[in-house]
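The structure under discussion appears below in the form of structure tokens.
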Amino acid sequence: MTLGGALNQLVQLVLVAAAAPLLVGWVNACRAWLQNRSAPSLLQPYRVLRKLLHKDAALAENASWLFRFAPYVIFGCMWLVAGIVPVLAIDLPFAAAADVIALVGVFAVARVFISLAAMDIGTSFGTLGARREMLIGALAEPALLIIFFNFALISQSTSLTTIVETLAHREFALYPSLAFAAVAFVMVLLAENARIPVDNPATHLELTMVHEALILEYSARHLALIEWASAIKLFAYCAIGIACFLPWGIAEAGDWGALPSAIIAAAVKLVVAGAGLAALEAVSAKMRIFRVPEFVATAFMLAMLGLLLQYVFEA
Amino acid sequence: MIDVMDPVALSLLDYSPATMGVAAHWLWLTPVAPERASYSPVIFFIVIVAVVLAAFWLVRLLYHGRLRRTPPWDCGFPEQNARMQDTAEGFAQPIRQIFAPVYEIESHHPDPFDRLPRYFTEVRDHCWRWIYFPIAHAVTFCSRLVGRIQTGRVAIYLMYSFVTIIFLLAFVR
């Protein structure tokens, strides 16, 4: 492990945690503009977090230690994911400890904990949310793995840093299979981050809510951690998408001179991704819960098609 | 651990993982080469625990730990009891509904006014019905046919072997 690598790892961990609410603020602002509303400040998510962290936590009488402990685990898992995905530079010493399969596993750990915590109170809201979350997760996870296998096939590696290195810093090649994978990835991103066609983050209606039902019993600092974790999750997903599909601009290992341009490239790409996400949400409507499996299954099929295409072209 | 599992891998693959650089360090699981795939469960676990503890400690350090116990949100209906809680049955229901074409599901739902409600669901696998059961039935049928000539008397068994020998002598030269 080099000193530069360790420093880059640390910078990235802090940067992702700090910038994630800004991305959420940007997406919310874009959404408001597209809906002809006046947008809240970009810093609104930070204010919400600050408010929540200062409030007194109201905990249900029958909540166990698991309920209090889960937000920290979820936050930790998401923070860890943010440490594996190359955002600015490839040189991430910790990324070698976990490849994309472990990354999907970390998402699963967070999902299990949030579902267990939701069921801990025993009200029907929590279990309803947990059940739906598990339903979506169980279907989105294989799709995400197949998308990653597309890249594994191209770069002969399941490590994210090697994938980015292969795609960005070797000779340029067009991979038609990645077009399928990209569409599938966007669909999985929408499903996993509780965005509009699958779940509406702004609703509190029993019939439709998934993520909000899960965290209904949480308040104050616990809620702040979960909100922050979901902001980091969105950021991480966008960063994975950028790293895999548009990796140009991410600095190579040890190349400190490229870092300023890498920061600008990452910022521009995230701004575009956030605006695109808001536009996608503005033009689509929330679907019924039993239409969601079809949506995610489509993503799975597209990713599978990409994989087959890759096999055909390789042969 | 890898050395213990090595014969299994060797019998399935043409090469042994232990000789392919896995033994580089016991902490790392590297099937082929470090740049292709590597996974270090120990480091990974330690980092997860460290990050979780760091989050916990930071929140504790920067903010107060005030806590208030309140009744859980009951949606305006306070008389909830444990029987209204979700069950494993209900939890798995969406998944079952999605994969309903794959399985054979038979369920009986009680009437809401039933005094003694009984809920019954049986999930069967199509494979059992269309593949395994026919094979099992065929095997049982055949063994029953064979069982018919097994009378349990030594004289009859001796006659079987005698007939077989005659048969072999007549047809096999």
Side-chain angles (χ1 to χ4, degrees), chain A residues 13 53-63 68-69 71-73 75-77 79-80 83 94 96-99 101-102 105-106 109 119 121-128 130-132 134-135 138-139 152 155-159 161-162 165 206 216-217 219-221 224-225 289-290 293 297, chain B residues 27-60 62-75 77 80-100:
Chain A
L13 274 174
L53 281 168
H54 276 105
K55 280 196 165 193
D56 283 14
L59 207 64
E61 279 148 1
N62 50 356
R68 294 178 67 175
F69 186 60
Y72 299 100
V73 177
F75 183 79
C77 283
W79 207 9
L80 190 78
F94 177 62
D99 55 4
I101 299 168
V106 178
V109 169
M119 288 191 284
I121 303 292
T123 59
S124 31
F125 261 112
T127 32
L128 176 137
R131 183 193 308 162
R132 290 176 176 177
M134 276 302 182
L135 168 73
L139 297 164
S155 59
Q156 304 292 324
S157 164
T158 53
S159 157
T161 48
T162 317
E165 210 182 347
E206 299 94 318
L216 194 79
E217 288 292 334
S219 61
R221 57 178 183 276
L225 278 174
I289 189 85
F290 276 109
Chain B
L27 268 180
W28 294 82
L29 200 64
T30 314
V32 183
E35 63 274 1
R36 291 187 72 166
S38 65
Y39 174 51
S40 170
V42 180
I43 295 178
F44 200 58
F45 182 72
I46 290 171
V47 173
I48 283 197
V49 171
V51 169
V52 169
L53 288 179
F56 186 76
W57 177 73
L58 276 175
V59 170
R60 267 294 140 89
L62 297 176
Y63 300 97
H64 59 86
R66 284 201 292 275
L67 201 74
R68 184 155 54 81
R69 289 279 178 172
T70 53
W73 170 244
D74 52 19
C75 217
F77 184 72
Q80 296 193 2
N81 57 38
R83 283 207 58 201
M84 296 177 189
Q85 224 178 321
D86 207 354
T87 55
E89 176 74 37
F91 192 77
Q93 207 184 24
I95 291 275
R96 271 217 320 262
Q97 194 155 340
I98 292 163
F99 291 104

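Below, chains carry the letters A, B, ... as their sequence lines are ordered, and counting in each starts from 1.
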Whatever's closer than 4.5 Å to a heavy atom in chain B on A:Ala102 counts as both
Highest number of heavy-atom pairs under 4.5 Å with chain A among B:Pro71, B:Ala54, B:Ala50, B:Ala55 belongs to B:Pro71
Are the side chains of A:Leu53 and B:Leu62 in contact, using a 4.5 Å heavy-atom criterion?
no
A:Val73 and B:Val52 have their tightest heavy-atom pair at CA-CG2, 3.8 Å
Cut-off 4.5 Å, heavy atoms of chain A, and the answer for B:Arg96 is neither
Task: Test item: A:Leu135 and B:Ile98 side chains (from C-beta on) under 4.5 Å apart, heavy atoms - done: yes
So, the part of A:Arg68 with a heavy atom under 4.5 Å from chain B: the answer is side chain
- Please tell me if the side chains of B:Val59 and A:Phe75 come closer than 4.5 Å, counting only heavy atoms from C-beta onward. no
The interface call for B:Gln97 against chain A, heavy-atom contacts under 4.5 Å, is side chain
When rounded to the nearest 0.5 Å, the distance separating SG of A:Cys77 from CD1 of B:Ile48 is 5.0 Å
Item to complete: For the pair A:Arg131 (side chain) and B:Pro94 (backbone), establish whether a donor and an acceptor sit closer than 3.5 Å, ignoring hydrogens and angles.
Response: no
Honestly, the part of A:Leu139 sitting under 4.5 Å from a heavy atom of chain B is side chain
Closest heavy-atom pair, A:Arg221 versus B:Leu67, reported as atoms and distance to 0.1 Å, is NH2-CD1, 3.7 Å
With chain B, the option among A:Leu225, A:Leu13, A:Asn62, A:Thr127 that has the most non-hydrogen atom pairs under 4.5 Å is A:Thr127
The interface call for A:Ala152 against chain B, heavy-atom contacts under 4.5 Å, is neither
Whatever's closer than 4.5 Å to a heavy atom in chain B on A:Leu216 counts as side chain
Of the listed A:Arg132, A:Met134, A:His54, the one with the largest count of heavy-atom pairs under 4.5 Å with chain B is A:His54
The interface call for A:Val106 against chain B, heavy-atom contacts under 4.5 Å, is side chain
**Q.** Under 3.5 Å donor-acceptor, B:Arg69 side chain and A:Ala60 backbone
**A.** yes
Under 4.5 Å to a heavy atom of chain B? For A:Ala63 that would be both
Whatever's closer than 4.5 Å to a heavy atom in chain A on B:Phe45 counts as neither
